Amino acid sequence: MLPQKQIESALQAAVSAVLPAADVSAVLVRPCDPKFGDYQSNALMSLAKQLKLNPRQLATDVVAKLDVSAVCEKVEIAGAGFLNFRLKNSVLVAALQSAARGEHLFFAKAAAPKTVVVDFSSPNVAKPMHVGHIRSTGIGDALQRTLRLLGHTVVADNHIGDWGTQFGLLLLGWKKILDRAALEREPIAELERIYKTTNAECDANPAQREEAKLELVKLQAGDAENVAIWQEMIVLSQKQFATIYRRLGVKFDVALGESFYNPWLGEVVADLLTRGIARESEGAVGVFSDGTLPPKEDPFLVSRDGEWVADPALVRKSDGGFNYMTTDLATIGYRLKTWSPTAIVYVVDDRQFGHFKKLFLTFARWKAEDSKRTKLVHVGFGKILGDDGKPFKTRSGDTVKLGDLLDEAEKRAFKIVSEKSPDMPEAQRKEIARVIGLGAVKYADLLPNRQSDYIFSWDKMLALTGNTAPYLQYAYARIKSIFRKAEGTIQNAEIHLAAEQELILAKHLLNFGFTLEAVAEEYRPNYLCNYLYELAGKFTGFYENCPVLKAEDEATRNSRLALCALTAQVLQQGLQTLGIETVEQM
RNA sequence: GCGCGCGUAGCUCAAUUGGAUAGAGCGUCGGUCUCCGAAGCCGAAGGUUAUGGGUUCAACUCCCGUCGUGCGCACCA
């Protein structure tokens with residue numbers, strides 16, 4: 001068990017000894033500012049507040065019952081009631097030593113593994129993937145990788161938009177203005193063109209809009225011609241998706257599009273009606289407020305002119321068609337039946353907050369028993385904005401295509417690699433540029449807090465210096481360079497930690513698991529980015545101050561080599577968890 | 001109109017959710033390769049966390065007001 005966990009359980013036991021009735025689940029220990037110690041707990045202060053006790057006195061009582069002598073130096077009570085812990089050097093060394101033996105990599109698998117469906121990426125058929133898709137795809141992929149690493153069972157599901165109103169327009173456009181040659185050259189661009197053109201024509205001509213609707217109805221009724229066209233569009237789109245996902249290194253366990261759930265939509269609505277959860281209104285069917293929530297918190301109510309009026313979640317349109325609320329409910333039904341997940345995580349734009357609020361409440365009413373076992377989570381993220389602070393568009397009015405962004409990233413990286421290593425064979429430079437360029441883009445998207453909107457900038461997205469993936473990859477490559485120069489292999493080296501920078505680095509390595517758990521707990525990959533950036537920084541501090549190959553003696557050299565090897569492993573594992581590759585040289 | 005967010009250094013963003021002296025990158029200025037990779041490192045300047053109140057041992061974080069700003073408001077997803 002990692003020292004931090006040992007301290008935590010000892011502390012919880014001590015608190016229970018002093019306050020038998022207290023809930024100790026919030027009694028946590030976390031890494032802290034080195035000037036106070038290695039770990040700290042502030043839990044006693046909030047506990048004292050709840051129970052109206054003197055925090056210093058509580059701390060004194062708890063410390064009297066606390067035995068962490070196996071892992072810590074003397075425990076200090078500081079400030080208003082902080083507990084500061086300082087690790088014994090021998091314990092730190094032992095943790096590193098066991099990691100060096102391959103027993104762990106500073107994290108523990110979850111004690112109670114969960115089954116989690118992660119729903120992410122979700123591009124639309126017949127539309128190009130653009131920069132916006134990097135958010136759902138990158139965050140979702142990093143989260144599913146983190147959950148897997150921690151030992152959970154994950155179902156990565158790409159809920160592709162392959163069924164909906166847009167197909168009415170696409171079918172009409174296909175029949176009227178499709179340019180076959182263009183379709184063969186650039187299928188997605190052509191599909192986008194017919195969609196846009198037809199949409200514009202429908203805006204101008206309502207009769208044409210009706211025609212498009214008719215095409216959709218025919219498709220949904222199984223009309224052979226329309227189904228064939230629709231399938232062709234899907235095949236073309238899937239080629240595009242596959243290319244992008246291959247480049248990004250993103251894999252899904254299943255990719256069940258919206259159309260997959262089509263057969264169940266009718267019965268979902270029927271079921272909702274029978275149970276009295278949904279009712280008819282103005283020819284449509286919707287889920288209405290059940291009055292259990294105060295109006296302000298009730299997503300099924302909206303205030304108009306000072307009065308609360310119904311704002312239902314429609315599950316059947318007045319024309320008899322279904323919409324995405326229906327699909328999402330059917331999808332939940334399928335996922336429950338197929339995987340019995342502990343949680344379903346939706347990595348979707350924050351703008352759909354209202355939709356998910358309605359969806360989750362409807363689910364709880366529809367499947368009350370299941371909703372106790374399966375938690376639905378909307379992992380929302382902010383928008384990508386242009387320089388003007390408005391949702392991102394290029395000058396021509398289109399968003400930047402994801403493929404173009406990746407191309408540019410590799411191009412810029414290639415230029416730098418060629419400058420830095422002109423003697424390297426071109427194929428190798430290309431491969432390094434691919435890893436670095438892609439890493440830069442992914443990391444740039446993962447670094448900010450997911451809920452913040454961020455302003456898109458080519459230079460920031462593709463930056464290769466500063467707090468970027470290449471900085472982390474560089475630290476890794478430097479370590480690899482040391483090992484290329486080191487002669488012979490070092491096995492079971494004894495680790496000694498004496499220099500300040502060695503201790504700082506070693507202690508930070510121990511926090512890898514804490515960080516991974518925080519990422520999984522709050523669905524925030526940026527914690528891992530920051531952790532790795534700090535790790536690379538602390539490694540560099542060590543590297544600048546502590547000679548490895550030219551260490552003063554053999555024992556120090558071997559110990560430092562072991563520390564380097566562990567750092568490289570954590571860097572690589574951490575980057576991999578973010579979906580970012582490493583290179584041996586760059 | 002109603003609802004939901006956001007406002008932190010010149011710029012772009014963090015701050016593990018109420019913890020001790022708010023941190024990075026970019027940009028600017030200065031230093032640093034005869035010594036394991038300078039995509040690096042060291043230093044300097046830069047802040048009344050929009051604003052006014054409140055809650056408490058402790059507030060960027062919670063509550064109320066104000067200003068600014070973005071998003072969402074049945075039959076698109």
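Note that the structure is predicted; figures quoted are calculated from it, not measured.
- Taking atom CG of A:D33 as the reference point, atom P of B:A58 lies 21 Å away to the nearest angstrom.
- Remark on RNA chain B: of its neighbouring residues A:G321 and A:K35, the 5'-side contact belongs to A:K35, judged by nearest-heavy-atom nucleotide.
- Nucleotide B:C60 forms a pair with no other nucleotide shown, judged by Watson-Crick or G-U wobble geometry with both contacts under 3.5 Å.
- Put simply, the side chain of A:E282 and the base of B:A74 share a donor and an acceptor less than 3.5 Å apart.
- Heavy atoms of A:Y474 sit under 4.0 angstrom from at least one base atom.
- Following rounding to the nearest Å, A:I455 (CD1) and B:U69 (P) show an atom-to-atom distance of 15 Å.
- In this structure, the ring of A:Y531 has its center less than 6.0 angstrom from the ring center of A:H508.
- What separates CG of A:L464 from P of B:A38 is a distance of 17 Å, to the nearest Å.
- Side-chain nitrogen and oxygen atoms of A:K420 include at least one within less than 4.0 Å of the OP1 or OP2 phosphate oxygen of B:A39.
- The side chain of A:K49 sits closest to B:C57 out of B:C26, B:A77, B:C57.
- As the counterpart of B:G3, B:C71 is assigned, both hydrogen-bonding distances of the Watson-Crick or G-U wobble pattern falling under 3.5 Å.
- Between B:C42 and B:A20, the distance separating the two P atoms is 23 Å to the nearest Å.
- A:D459 comes within contact range of no nucleotide atom at all, as no heavy-atom separation falls under 4.0 Å.
- Taking atom NZ of A:K480 as the reference point, atom P of B:G37 lies 15 Å away to the nearest angstrom.
- For A:A80, the side-chain atoms get nearest to B:G19 when compared with the rest of B:U16, B:C71, B:G19.
- Nucleotide B:A24 has B:U12 as its partner under the Watson-Crick or G-U criteria, with both atom distances under 3.5 Å.
- A heavy-atom distance below 4.5 Å is not found between the side chains of A:Q220 and A:F322.
- The separation of B:G37 from B:G31, taken at their P atoms, amounts to 26 Å, rounded to a whole angstrom.
- Nearest to the side chain of A:T165, among B:G25, B:C76, B:G37, sits B:C76.
- Interface remark: the A:S318 side chain does form a donor-acceptor pair with the B:C75 base, using a distance-only criterion of under 3.5 Å.
- Counting non-hydrogen atoms under 4.0 angstrom, A:T540 reaches the backbone sugars and phosphates but no base.
- For B:A39, its base never sits under 3.5 Å from the side chain of A:Q473 at any donor and acceptor pair.
- Following rounding to the nearest Å, A:R209 (CZ) and B:C75 (C1') show an atom-to-atom distance of 14 Å.
- Of the candidate nucleotides B:G72, B:G37, B:U16, B:G37 has the atom nearest to the side chain of A:R478.
- Atom P of nucleotide B:A24 and atom CG of A:N449 are separated by 19 Å, given to the nearest angstrom.
- With B:A77, B:C41, B:C71 as the candidates, the nucleotide lying closest to the side chain of A:E544 is B:C41.
- Seen from the ring of A:Y543, A:R478 counts as a face-on cation partner, given the 6.0 Å and 45° thresholds.
- Counting any heavy atom pair closer than 4.0 Å across all strands shown, A:C546 reaches a base atom.
- With B:G40, B:C75, B:U12 as the candidates, the nucleotide lying closest to the side chain of A:A284 is B:C75.
- Heavy-atom neighbours of A:K213 NZ from other residues, nucleotides or ligands within 6.0 Å: at or below the threshold of 12.
- Screening A:F353, A:Y523, A:F356 against A:Y346 for a ring-ring contact (aromatic ring centres under 6.0 Å, His included) leaves a single residue, A:F356.
- Nucleotides B:C2 and B:A74, compared at atom C1', are 15 Å apart to the nearest Å.
- Using a 4.0 Å heavy-atom cutoff across all strands shown, A:S281 reaches at least one base atom of the nucleic acid.
- Remark: B:U34 base-pairs with no nucleotide; criterion is Watson-Crick or G-U wobble with both hydrogen-bond distances under 3.5 Å.
- Spacing between atom CG of A:D311 and atom P of B:C75 amounts to 10 Å, rounded to whole angstrom units.
- For B:G46, there is no paired nucleotide, since no Watson-Crick or G-U wobble pair has both relevant distances below 3.5 Å.
- Taking for each of A:S46 and A:A477 the nucleotide of RNA chain B with the nearest heavy atom, the 5'-most of the two is the partner of A:S46.
- At a cut-off of 3.5 angstrom, counting only N and O atoms as typed in the model, there is a donor on one side and an acceptor on the other between the side-chain of A:N84 and the base of B:A20.
- Both distances falling under 3.5 Å, in either a Watson-Crick or a G-U wobble arrangement, place B:G65 opposite B:U51.
- Salt-bridge annotation for A:R412 and A:D459: present, with a side-chain N of the basic residue lying under 4.0 Å from a carboxylate O of the acidic one.
- When heavy atoms are screened at a 4.0 angstrom cut-off, A:A475 is found touching no nucleic acid atom at all.
- Classification of A:D350 and A:K383 as a salt-bridged pair fails, no side-chain N sitting under 4.0 Å from a carboxylate O.
- Dashed line: the shortest gap from a side-chain N or O of A:N526 to OP1 or OP2 of B:C13 is not under 4.0 Å.
- Between A:K317 and B:C76 there is a side-chain polar atom (N or O) within less than 4.0 angstrom of OP1 or OP2.
- Backbone-only engagement by A:Y533 is indicated by non-hydrogen atom pairs under 4.0 Å involving sugar-phosphate atoms exclusively.
- A gap of 26 Å separates the C1' atoms of B:U69 and B:A77, to the nearest Å.
- Residue A:E521 is classed as having no contact, given no heavy-atom separation below 4.0 Å to the nucleic acid.
- A ring-ring contact (aromatic ring centres under 6.0 Å, His included) with A:Y533 holds for exactly one of A:Y471, A:Y474, A:Y527; it is A:Y471.
- Following rounding to the nearest Å, A:M45 (CE) and B:A58 (C1') show an atom-to-atom distance of 8 Å.
- You'll find the side chain of A:L147 stays beyond 4.5 Å of the side chain of A:V519, heavy atoms only.
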